[in-house]
Amino acid sequence: MLALARGWFRRSVFKTIRFLKHPRKLRQSPTRRWFARHFLDKRVWKPTQHTLSGGMAVGMFITLQLLPIQTPAAIILSAIFRVNIPIAIALCWVSNPVTVPFMAWLEYAIGKWVLALYTTVPTSPFPKHLPESMVEAWIVLKEHAPVMLVGGIILGSVVSLVSYIATWSCWEIGSRMEVAKKLRDVKAAAV
């Protein structure tokens, strides 16, 4: 039964993709053409050195932006930059309720440090508990959100660059080790 359901699901997915990528359908709608070019491209679903590294960078940048729309933002940015969509989505979930307090504190500290170099920063301390009324929440958000936004953009840019370079390097090292192993196997077989 499970194999039957799996086969039906796979056939329906392939039929949908074929329908969406059909040239007549793509000529009809520029939106469908954009969707097919960005989301139905096999390269954004298969990990290669470039797409995996780019997906890591996009995912890490988006996860450090404490926004409520992280997953849709990661999907759209991954499609625009043509990088691995599943990796970017998976990395969005690094910012969970356990890690958010540390990331918020780090973003606030970095944002406050950078903004102190150029302009005035909020003098009131960052709240240690949630405000009790909507008015207090709005005042806190109005005062501290720009600081956290600047900190998130700077921290996200740095971490995404580091993750891109680290992923690219790990892929390169792994592929070189694989080539060296194949050469050793060929030499051992020749002897």
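Note that the numbering runs from 1 along the sequence shown for the chain.
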Determine whether [X] and [Y] fall in the same hydrophobic cluster, where Ile, Leu, Val, Met, Phe, Trp and Tyr are linked whenever their side-chain heavy atoms lie under 4.5 Å apart.
| X | Y | answer |
| --- | --- | --- |
| I165 | I173 | no |
| L115 | V158 | no |
| V83 | V162 | no |
| V58 | I153 | no |
| V114 | W105 | yes |

Can you list, pair by pair, the side-chain donor-acceptor contacts under 3.5 Å of residues 180-191, counting residues two or more places apart and other chains?
residue : atom : partner : partner atom : Å
K181    : NZ   : D185    : OD2          : 3.4

Separation between [atom1] of [X] and [atom2] of [Y], rounded to the nearest 0.5 Å:
| X | Y | atom1 | atom2 | value |
| --- | --- | --- | --- | --- |
| W45 | N84 | CH2 | CG | 8.5 Å |
| Y164 | M56 | OH | CE | 12.0 Å |
| T167 | Q49 | OG1 | CD | 10.0 Å |
| L149 | Y108 | CG | OH | 13.5 Å |
| M103 | M148 | CE | CE | 9.0 Å |
| I87 | L52 | CD1 | CG | 5.0 Å |

Does anything in residues 88-106 form a salt bridge (Lys or Arg N to Asp or Glu O under 4.0 Å)? List the pairs, not counting sequence neighbours.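 For residues 88-106, and leaving out neighbouring residues, there are no salt bridge (Lys or Arg N to Asp or Glu O under 4.0 Å) pairs at all.
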Just so I know, are the side chains of V179 and S175 near enough to count as touching, which here means a heavy-atom distance under 4.5 Å?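 With C-beta onward as the side chain, the pair stays apart.
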Just so I know, are the side chains of L155 and L106 near enough to count as touching, which here means a heavy-atom distance under 4.5 Å?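 Yes - at least one pair of side-chain heavy atoms lies under 4.5 Å apart.
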Under a plain distance cut-off of 3.5 Å, with no hydrogens placed, do S163 and S160 share a side-chain donor-acceptor pair?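 Judged by distance alone, the side chains do not pair up.
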Pairs of donor and acceptor atoms involving the side chains of residues 64-77, under 3.5 Å and at least two apart or interchain, shall be tabulated with distances.
residue : atom : partner : partner atom : Å
Q65     : NE2  : F61     : O            : 3.1
Q65     : NE2  : G152    : O            : 2.8
Q70     : OE1  : S95     : OG           : 2.8
Q70     : NE2  : I62     : O            : 3.4
Q70     : NE2  : T63     : O            : 3.4
Q70     : NE2  : Q65     : O            : 2.8
Q70     : NE2  : S95     : OG           : 3.2

With a 3.5 Å distance limit and no angle check, can you tell me whether S53 reaches the backbone of W168 through a side-chain donor-acceptor pair?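 Side chain of S53 to backbone of W168, a donor-acceptor pair under 3.5 Å: yes, one is there.
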Considering all heavy atoms of both residues, which atom of V147 and which atom of K112 are nearest to each other, and what is their separation?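 Shortest heavy-atom contact: CG1-N, 3.3 Å.
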